[in-house]
Each structure stands twice: as structure tokens, then as C-alpha cells.
Amino acid sequence: QVQLVESGGGLVQPGGSITLACADSGRSLAYYTMGWFRQAPGKEREFVALITWPGVRTLYARSMKGRVTISRDNLKREVSLQMNNLTPEDSAVYFCATDANGAMDDNPAEYEYWGHGTQVTVSS
């Protein structure tokens with residue numbers, strides 16, 4: 001069973017950077033596409049970035065492109081999300097999720113397993 005745990009969230013100043021991590025404590029993430037999504041209060045969950053197996057192809061949300069990098073360490077069973085030049089609009093709970101189909105899909109409905117999320121707050 002896949003058990004995802006996010007970490008690395010916290011308070012960041014505008015213009016700052018943060019790196020989030022997602023680890024699978026249950027089983028291997030082999031062949032899964034890994035995605036990051038976020039949800040702000042009162043808003044729908046939105047796509048941030050994804051990375052396919054074994055890490056060659058990536059996809060980024062247009063609003064995040066140029067400010068975010070997703071990577072994966074398959075030996076450690078971890079996926080990371082580095083975000084730069086953050087603004088208050090980036091404040092949200094960030095979730096990682098798995099897509100067993102291995103596709104490049106930005107639709108959260110296509111992801112089967114989800115972590116509980118980690119809060120990122122961008123504020124001075």
C-alpha cells in the first residue's frame with residue numbers, strides 16, 4: 001500500500017524559497033507518476049507539477065513554470081518540489097499524490113493515493 005508523507009512546509013517571506021518533500025513509507029513508487037497539488041482556503045485543488053517514472057519527463061502548471069522544480073529519488077522513494085520567488089498567492093496546503101497509470105495528467109481525479117499535505121504560508 002502506498003503511504004505518502006509530505007514535509008518541509010512552513011512560513012516563508014515573499015520572494016523566498018522552500019523545498020517540499022514527499023516520501024512513501026509503504027511501498028515502492030516504481031512506475032508511478034508523482035504529482036504535487038495545492039489547495040488554498042475556499043479554492044479547488046490545483047495542479048502544481050508532476051514527474052513521470054523514472055524521472056525523465058516533467059510538467060508544470062503555467063502559473064508556476066520557471067519558479068518550481070520537481071525531482072525524484074527513486075532509491076529513497078522520495079519526490080521533492082523546490083519553489084522559488086514565492087508570493088502570498090502561493091500560500092496553500094501542498095499535497096503529493098501518485099498516478100499508477102504513469103501518465104502526464106494534471107487532473108487530480110486521476111491520482112489514487114494522496115498524502116495529508118503540508119502547509120506553506122508566504123507572508124512577511
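Keep in mind that the numbers below use all heavy atoms, side chains included, and drop hydrogens, waters and symmetry copies.
- With V120 as the partner, the side-chain contact (heavy atoms from CB on, under 4.5 Å) test is satisfied by one option alone out of L20, V93, L81, L11: L20.
- Expressed to the nearest 0.5 Å, how far NZ of K65 lies from OG1 of T58 amounts to 8.5 Å.
- Of all heavy-atom pairs between S91 and A40, the closest is O-CB, 3.7 Å.
- Looking at heavy atoms from C-beta onward, E46 lies out of side-chain contact with Q39 at the 4.5 angstrom threshold.
- Classification of the F47-F37 ring pair by plane angle, with boundaries at 30° and 60°, yields perpendicular.
- In this structure, the side chains of W36 and Y94 come closer than 4.5 Å at one or more pairs of heavy atoms.
- Evaluation of the side chain to side chain donor-acceptor pair (under 3.5 Å) test over residues 102-112, restricted to residues two or more places apart or in two chains, returns none.
- Relative to the six-membered ring of F95, R38 misses at least one condition, a distance below 6.0 Å or an angle of at most 45° to the axis.
- Within the structure, the side chain to side chain donor-acceptor pair (under 3.5 Å) test picks out the following pairs touching residues 115-124 (sequence neighbours left out): Q119-T121.
- Note: L59 CG to M104 CE = 4.5 Å, rounded to the nearest 0.5 Å.
- Closest heavy-atom contact between G55 and R72: CA-CD, 3.9 Å.
- The heavy-atom pair separating T52 from L50 by the smallest distance is CG2-CD1, 4.2 Å.
- What you find for N84 and Q82 is that their closest heavy atoms are OD1-NE2, 3.4 Å.
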>> Using the rule given for side-chain contact (heavy atoms from CB on, under 4.5 Å), can you reason through N101 versus T33, listing the C-alpha separation, both sets of side-chain angles and the distance that settles it, and then say yes or no?
In response: CA-CA 7 Å; N101 291 323; T33 287; over 6 Å; no
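- T19 and S80 get closest at one heavy-atom pair: CG2-CB, 4.4 Å.
- Between atom CG of residue L86 and atom CE of residue M64 there is a gap of 7.0 Å, rounded to the nearest 0.5 Å.
- T87 is not listed as a side-chain neighbour of P14, based on a closest heavy-atom distance of 4.5 Å or more.
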Margin query: Let's go through Y60 and I70 carefully: what are the C-alpha distance in whole Å and the side-chain angles of both, what is the deciding distance for side-chain contact (heavy atoms from CB on, under 4.5 Å) to 0.1 Å, and is it a yes or a no?
Written below: CA-CA 9 Å; Y60 297 102; I70 188 171; 3.5 Å; yes
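- Listed here is the closest heavy atom pair of E6 and G115: OE2-CA, 3.2 Å.
- Under the 4.5 Å side-chain criterion, counting only non-hydrogen atoms from C-beta, Y31 is not in contact with P54.
- When atom types are taken as modelled, the side chain of N74 and the backbone of R77 share no donor-acceptor pair closer than 3.5 angstrom.
- Looking at M34 and T98, their side chains come closer than 4.5 Å, going by heavy atoms from C-beta outward.
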